[in-house]
Amino acid sequence: MNSETRFENTLNKDSALPYYKDISYREAGKFEETRFEKIHNVIFKSSDYASVIIAREIATLIKEKQSKQESCVLGLATGSSPIKVYEELVRLHKEEELSFANVVTFNLDEYYPMGKSDMQSYHYFMFEHLFDHIDILPENIHIPNGAIPQEDLHQYCIDYELKINSFGGLDFQLLGIGRTGHIGFNEPGSHYNSVTRSITLDHLTRSDAASSFFGIDNVPKRAITMGIGTIKKAKRIVIMAWGHKKADIVKQTIEGKVSAIIPATYLQYHANTTFILDQEASEELTRIKTPWLVGPCRWNQKLKSKAIIWLSYEVQKPILKLTDKDYNDHGMSSLLAEEGSSYDLNIKMFNTLQHTITGWPGGKPKADDSNRPERNVPHKKRILILSPHPDDDVISMGGTFHRLIEQEHTVHIAYQTSGNIAVSDEEAIKYAEVIKNIEPEIESSNKVNDILIDLKMKQKDTIDSIDVRSLKGLIRRHESMGATRFLGLPDAYVHFLDLPFYETGTAKKKPYAKDDIAAMVKIIKKIKPHQIFAAGDLADPHGTHKVCLDVLFKALEDLKEEDFIKDCWVWLYRGAWHEWDIHDIEMAVPLSPDEVLKKRKAIFFHQSQKDGVMFQGDDSREFWVRAEERNQQTAKKYHQLGLANYAAIEAFKRYHF
């Protein structure tokens, strides 16, 4: 039985699945059940598109209830995962007249203590992203109150539970999943029949929220949450997971045993739950990571590369030493039958990997480029390096950056955002005091005094003034120029785009707009690059990388008819959080020990980002340590496959547009 037939049978056999028929999960996403999976799931290429499909299901349910003159009771989630769902619901209301007059909502959770007007509160979030833009009745909105006095909290939670029950329970529950496996704020250890209550937050949950609170020390340690028992009574549950950071917990939830250690696994007992995933969140699922262990495969070149590299690591042998038995014993007999012998497979794979390695990232002049990742013409290229923050360039590709300059290409660097939010108040005070003490009588001293007063009197959760943000941006700007000068790049080739979407003064950014795209189009048209290097790392804790990449892709789309753009190749690097898998790498630039040291020194110019970075995620290492160890690990992986033993390797994947 193929996956589509299984899906149709799922639709028809169970009346508990009433809403699938009006949406296009099967057509829009990748759906396939395997013996490993215990929760129905659908995979989409894009989280944005998946969010639209989810919103359509919710809209269909609302309309069905309206036709019966019934209330539609929705359980709603917060965080970054549902934002696009809410955007689409708002669009459906404004452009397609979807009414929310019959909708009753109950939010999953809220930090405690937390005032409704605090920017980090889920009350603030819901009105900002949804309730202020639709026609829902105010009395139908229910969000846990994080300002309830401690002595009243227990009864408040009981009353919240009773209120949900008074509406007959939830018709639809929207969920995200935390990296601890929590749903709502039901942390590891939560009971299957738990109800609305207060709970202590796990350290990892607080770490993931740290960017929104300007550091983990400011994240509340407690929360109010609906219970597992409350959630599982919902008639329909959709749970979203976006990005590779969720991949491990998604696999454990969908394929693992039901356990209180991973509360989301309780959803295996729910008859009408669907996991909606993007490709990165699905990459650890057995059918995605190692599909040859699931069933027959269509062996294209990408899958062959993935499988052979996996096999080499699995049996701990270099590629050229893999045997027919290794292939047969690990579910790859069909590949062996297709190719004829392990010898032929091994040679082809070894050569493919060998051809990704180059010391000439801009192309080697007058050399045969048929087996090289880059073209040899023109010999001297115009190159644009894009850096989302003012240090991503040297952290992620500092060695390649220096190599391109040394090989006499015309290299430009464009810093896409100011990075001002990542400068601590203490660092800004230090610089302001230096300015004041150097020339106390200069005309700008009043402004410096005002900045110092702003910084020293600043209250918790207060947005920096424009002058303070300007100073912090200047700090990042001049640190960047120190690094680029060290690498040998003239100041004239350094550009600061200061994309407007970033300039909110908070970790939460605006959606990108026409001004952002226009700035990107302008710099690309000015340089007319043969190569663009851009950050393809979407694991950045506050989303700037993704927005910057989306802006680039939109600019390239707008420029696609330009003659110069047809000869432009785009290479994506990854940031401080994650590296490309070996089978995805299309250009590997080896670094000597001296180049590793030079890269480290270039990173050191970003002094404000050393010794306690504000947005480093849950990794306590400094960025230069992460980058160095990551590059060394990539080189080690190549060596384990039987390739040369380099000190370090920076990796890139080509984006075809």
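Within the 4.5 Å cutoff, the side chain of K637 has no heavy atoms near those of the I585 side chain. A 4.5 Å side-chain heavy-atom check between P388 and T417 finds every atom pair outside the cut-off. The shortest distance between side-chain heavy atoms of Q416 and V551 does not fall below 4.5 Å. In this structure the side chain of Y431 never reaches within 4.5 angstrom of the side chain of L474, judged on heavy atoms.
Side-chain contact annotation: D454 with S465, donor-acceptor N/O pair under 3.5 Å present. With no hydrogens or angles considered, no side-chain donor-acceptor pair links N145 and K116 at under 3.5 Å.
The only member of F652, F401, W569 that meets ring-ring contact (aromatic ring centres under 6.0 Å, His included) when paired with F533 is F652.
Note that NZ of K472 and CG of L455 are 6.0 Å apart. Values are rounded to the nearest 0.5 Å.
Taking the six-membered ring for Trp and the full ring otherwise, the centers of F486 and F605 sit less than 6.0 Å from each other.
Contact between F657 and V570 at its shortest, heavy atoms only, is CE2-CG2, 3.5 Å. Here the closest heavy-atom approach between residue W571 and residue Q531 is recorded as NE1-NE2, 3.7 Å. Taking each heavy atom of R630 and R574 in turn, the nearest pair found is NH1-O, 3.2 Å.
Taking K554 as the reference, I517, D558 meet the side chain to side chain contact (heavy atoms under 4.5 Å, CB included) condition, with sequence neighbours excluded.
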Salt bridge (charged side-chain N to carboxylate O under 4.0 Å, His left out) assessment of R403 paired with E595: CA-CA 9 Å; R403 189 77 61 83; E595 288 172 317; 2.8 Å; yes

